[in-house]
Every structure is written in C-alpha cells, then in structure tokens.
Amino acid sequence: MSAPALTPTPIPLTTIAELRQHHSQLVRLGLASHPAHARRLLSFLARDPDSHFPYAARLLAHHPDPHPALFNPLFSALPPRHAARLLALMLSLPLPPDHFTFPRLLPGAGPLHLVAQLHALLLKLGFHAHTQSLNALLAAYLTNDRPDLASRVFSGGGGGGALDVVSWTTMVGGLCKLGQVDGAREVFDAMPERNLVSWNAMMSGYVKAGRFTDSLEVFDEMRERGVEANGFVAATAVVACTGAGALARGREVHRWAERSGVEMDEKLATAVVDMYCKCGCVDEARCVFEALPAKGLTTWNCMIGGLAVHGRGEDAVELFGRMERESVAPDDVTLVNVLTACAHAGMVSEGRHYFDHIVQRYGIIPKMEHYGCMVDLYGRAGRLDEAKRVIDDMPMEPDVGVLGALFGACKIHGDVDLGEAIGWRVIELEPQNSGRYVLLANLLATAGRWEDVARVRRLMDGRNVSKEAGRSVIEVDGEVCEFQCGSLRHPQAEEVYAMANDMMRRIGAEGYVPDTRDVLHDIAEEEKETPLLYHSEKLAIAFGLLRTRPGDTMRITKNLRVCRDCHEATKFVSRVFEREIVVRDRNRFHHFKDGKCSCKDYW
DNA sequence: ATAGGGTTAG
C-alpha cells in the first residue's frame, strides 16, 4: 500500500492524548486503515481496555476494509469480558471469524458459560472439523475442570478425523492436571501417534502425581521404541529420579542425555543439579554446577539450597558470596536458602547478619518465609526467647508455618510449656495435619504427662486424622526397593527381619540403647504399637546390609522425618558395620559415618 | 493448540 516514506515519525503512544494525535495524523495522511498502523493503535488500546474500549471499537467499526486479522490478536490480549464485546462487534459488521479466531479466543475465555457459548458459535459457523479450534476447545473445557465436556468434544471429533496428535496430548496433559492420571494413561495408550510432547506429558503427569516409578517406566518404553528424546523429556526423567530417590537411574539418565547430544540448557542443568543434591550426592551436584558455562538464578538457588539441606552451611554461605561477586541478583528464594543453611548449621550470627541486610543490600522485602527461617534459626539453637521475639515483632500475623517452626524448636529443646501453648494453636489452625498431633504427644510424653498424651490421641481419632505410614526406599543395583513400617510385604521379608534383628543385637552389644521417648510415631494408626525395630528405615538399612557390598554407601529416602531412635541406631550401624549411610528425610539429609551424623544431632 | 527446573517451619 503506502510507501514507508509517508509514515509519520513514530511518537511514543503512552497516553490517550498521544494516541488521538497520532490517529488524526494517520487519518490526514490517509493511513489510518493501513494494517500495520491500525494494529499499533489497537495494541495500545488492549493495554487498558477498560478506559479505551469504545475508542478501539469505533476504529474497528469504521475501518473501510475490516479483516479478522485485525481482531484476532486482540482476542488473545483482552480479558474475557472485552473479548466477548469485541466478538459481538465483529459479528455485527458482519465479519465472520476465521481459523485463528477460536484458537485466540478460547484460551482466555474464562468461565465455563463463555466457553460453552463459543463452542455453540464454533459449531454454527462450521468449525466442527477444524483441528486447531477443537484443540483450543478441549483445552478450555479441561482448564474449567470439565473433562466430561472435553471428552465429548474429543469423541465427536474422532469420528470426523479432525483430531491430531495435539488433541490427544491436550487430553493427556489436561487429565493429568486434573489429577486423573490413570484416565490420562488410558488416552495415552490409545494414541494412534505420539510425539515427544505426548511422551513428556504422560511422564510429567506421573511425576506430579508422585508416581515416579510409573513415570520412569513410560520413559523406558519410549526409549525401547527408539524415540530420540529432547531436553524436555530428559528433564522430566531426571525429576522422576529425584522424586524416587533413584541415584543410579538419575546418573544413567544424565549420562544418556549427554550421550544423545541433548542440549544442557538452564532448566535441564538445574534439574540435574537438584537430582544429585536430593539423591544425597551434593558433591556430584557441585561438579555439575561448576561445569556449567552459564548459571541461572534458579540454578544458584538450587545449589545453595542443596548445600543447606546437607548441613553444609559454610559452603552455602560461601557460594552465596560468589553469587554476589558475580553480580547475580538474589531473589527471595535465595535468601530463604541462605537462612536455611545458617539455621541447619547452627550459624546464628551469620543468619542474623543476612537477615539484617536483606532489604538494604539485597533489595528483598522479607516475606513470611524469611521470618519462618529466623524463627527456625533461633529455635534450633535453643534461643527460644529470641525466636518468640521474631514472631512478636514481625509486621504480619504469623502463619501456621512460622508458628510450626517455633513449635518444632520447643520439641527439640523440650520446652513443654511454650510448646504446649503453641502446639494446640497450630493443631487448631491445621486440624488435618497429623504431624502436629504426633509432635505434641511426643512433647507431652517427655514430661511424663500420659493423660494428656492420651487426650491428643483421642482428639486425633475423633477427628479421623490418620497418620501417614512411614516408608523408606533404598536403591540396590539400580532397583528401587520400598519398605513400609511394620509391613511384611517385601519378597525377602523373612531374611530382612532376621537381618534387622541381628543388626540391632550387634549394635546393642556395642552400646546402643533403644530410645523410646517418642511414644507416637509417624506411622499408620493400626501400627502405632509396632516396635521400633520395624521402622521402615531400619528395614531398609537391614536390606541394604544384605544386598550391597561392604564399603558401599547406602542411600535411603524416607517420606517422614527420621525418629530419634532410628537416628541413634543408624549412627551405631555406621560405626559397627563400617558403612556410610545417607538418609534423606522429609526435611534434610543425614550423613552417618563412624558413629556420627552430619546434622550433629541437630535436626 | 500440547511439554521441563528451585524455596523454610512439623
């Protein structure tokens, strides 16, 4: 159309006055309808639709040659209400929607009734077999928690041959997000064709459902079929290994990714670093980290956090210093991790120092989490008064998490009075959280207040709060073996129990004394009288002694926190059997070696 | 139109 020479000098379009001026200039030059200029005008209006919608509508209504391309980009930029008004305008011109209209409109359509209206319009206008429109419709129903409606569209589209691999993958991913991972698997199994996105969607669906082994099985199947993976799939597989606590498999996936020439981008690298950290190999994580050419903020956070949960406070603080020197700006997560590192390593004054400079030096406004870390920092160190003062002085109402940190500190340091007061409070704030009842019961038990212990138990029973069963996994020869507290389900159960008995007898001879102070354990209700011997980590350790070679490090991942007795017993096992044992519990890592633990009994 | 990473307190 018009030559660029006639284009008016671009002026900043930041106010409505400038916009009007610009517009009138375009009109004078006869350029107002030129697609590029019109789009520029319209995109400005999309930024503040509330005040400028009428202006945009006039512009579009009076356009000499309206085209869907003028409307479509606005549909994805406007909130649902304005998009609907714009659609009404479009239809009134009348200007029929094209192939881009529904895919732009549907993702932001919002509430179900709008999606249903678009659905009806889509059918009326004859888009019933248009794949991209149908796919957008599927996604819209799925995000509105209506897999039933999505399925209906899906089955209807199947007959007409209008579905493609994206439609199937949308169903798989959408069902996974709604927690229907088994349903997703059925769709996945029936797919006529899969691409890497489909494989990854299924794998990550299992990961989100906590079904790491299933995820890795899908990954194996993918490889068996000779499908070449990419970084997405590799990252998901690595995350699955992280969740499963499967170090050997994680290493294998890592090597395989390197071999197959998958690019180690920031996300994949971070997943790998995290995998090594969470599988107990913080040094290996550090090697991967150091070898990275460029490290993103998340990667730094991950490495610092990894050092923190391994109790390596000095290293974490040092790495944070290097991050500063390399001018990588920390975020709130970084500071949480640094404070956690200080808390877990007993570095109270360092932690205080970072917190004091959090605003001025790091430009971070302390959030609830940071106050929680400070409570934890003082609490773990036994400085309960100062922990309490943090809570009293914080600018917001402490949430249950912050109070929980103080409560935990009371348990560690046996402050029954304060602990009881806070304990009841956190229980009432989160009545379904079984761990809080257990902690309070155990705290009261240390004071010999058996009637109150029974009261806590009854309260739990009355509210139908069930405790999570203790589970520990240990990886042997690349196989992940799980043990449940008191359960005899393992194929080698008899042998394992015999070994566990023998193990306890041997450490008993070396001075181990069972610690029965914790009367309630985080185990299933019907198993609460299970002897300490049958705690899942003892079974896992016994199994490890049976199945790994002398001198091998045993790595155990546990779903709950390790109890006092298991902690003590594991210290003895590490000395008597001359084994390094790394236990990852709900909160942190314990490295047992020569009868000592890296947490310095401070957890 | 479908896909991947980190965070404290029990």
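Each chain gets a letter, A, B and so on, in the order its sequence line appears, and its residues count up from 1.
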| request: Evaluate the side-chain contact (heavy atoms from CB on, under 4.5 Å) criterion for residues A:E284 and A:C279: first the C-alpha distance (whole Å), next the side-chain angles of each, then the deciding distance (0.1 Å), finally the verdict. | output: CA-CA 10 Å; A:E284 217 163 322; A:C279 286; over 6 Å; no

Whole angstroms only, please: what is the [atom1]-[atom2] distance between [X] and [N]?
| X | N | atom1 | atom2 | answer |
| --- | --- | --- | --- | --- |
| A:W300 | B:dG6 | CH2 | C1' | 15 Å |
| A:R380 | B:dA9 | CZ | C1' | 8 Å |
| A:M171 | B:dA3 | CE | P | 14 Å |
| A:M191 | B:dA3 | CE | C1' | 12 Å |
| A:N195 | B:dT2 | CG | C1' | 8 Å |
| A:L319 | B:dG6 | CG | C1' | 14 Å |
| A:F355 | B:dT7 | CZ | P | 21 Å |
| A:D265 | B:dG6 | CG | P | 14 Å |

Answer yes or no: does a side-chain N or O of [X] lie under 4.0 Å from OP1 or OP2 of [N]?
| X | N | answer |
| --- | --- | --- |
| A:K278 | B:dT7 | yes |
| A:S204 | B:dA3 | no |
| A:N587 | B:dT8 | no |
| A:H344 | B:dA9 | yes |
| A:K267 | B:dA3 | no |
| A:R561 | B:dA9 | no |

| said: Ignoring hydrogens and geometry beyond distance, is a side-chain donor-acceptor pair present between A:N337 and A:T334 at under 3.5 Å? | reply: no

Classify [X] by what it touches in the nucleic acid, base, sugar-phosphate, or nothing, heavy-atom distance under 4.0 Å.
| X | value |
| --- | --- |
| A:S133 | nothing |
| A:V239 | sugar-phosphate |
| A:G401 | base |
| A:V375 | nothing |
| A:D332 | nothing |
| A:T298 | base |
| A:G305 | nothing |
| A:L268 | base |
| A:K367 | nothing |

| query | With sequence neighbours excluded, what pairs up with A:R389 under the side-chain hydrogen bond (donor to acceptor under 3.5 Å, both in side chains) test? | reply | none

With a 6.0 Å cut-off on ring centres, are [X] and [Y] close enough?
| X | Y | answer |
| --- | --- | --- |
| A:W168 | A:F154 | yes |
| A:Y206 | A:F188 | no |
| A:H254 | A:Y276 | yes |

Can you tell which of [options] lies closest to the side chain of [X]?
| X | options | value |
| --- | --- | --- |
| A:A235 | B:dG6, B:dG4, B:dA3 | B:dG4 |
| A:A201 | B:dA3, B:dG6, B:dT8 | B:dA3 |
| A:D164 | B:dG5, B:dG6, B:dA1 | B:dA1 |
| A:V309 | B:dG6, B:dG4, B:dT8 | B:dT8 |
| A:V166 | B:dT8, B:dA1, B:dG5 | B:dA1 |
| A:V197 | B:dA1, B:dG4, B:dT2 | B:dT2 |

| message | For A:L429, give me all partners under side-chain contact (heavy atoms from CB on, under 4.5 Å), at least two apart in sequence or on another chain. | response | A:V400, A:L403

If you go through the side-chain atoms of [X], does one of them form a donor-acceptor pair with the base of [N] closer than 3.5 Å?
| X | N | answer |
| --- | --- | --- |
| A:T270 | B:dG6 | no |
| A:D331 | B:dG6 | yes |
| A:D376 | B:dA9 | no |

| query | Looking at A:D283 and A:R286, does any basic side-chain N land under 4.0 Å from a carboxylate oxygen? | reply | no

| Should A:H119 and A:Y141 be marked as a ring pair (Phe, Tyr, Trp, His ring centres under 6.0 Å) after you check the CA-CA gap, both sets of side-chain angles, and the distance that decides it? | CA-CA 10 Å; A:H119 186 181; A:Y141 276 134; 5.6 Å; yes

| message | Can you pull out the residues from residues 286-297 of chain A that lie within a 4.0 Å heavy-atom distance of DNA chain B? | response | none

| message | Check the orientation of A:H310 and A:F589. Use parallel for under 30°, tilted for 30 to 60°, and perpendicular for over 60°. | response | parallel

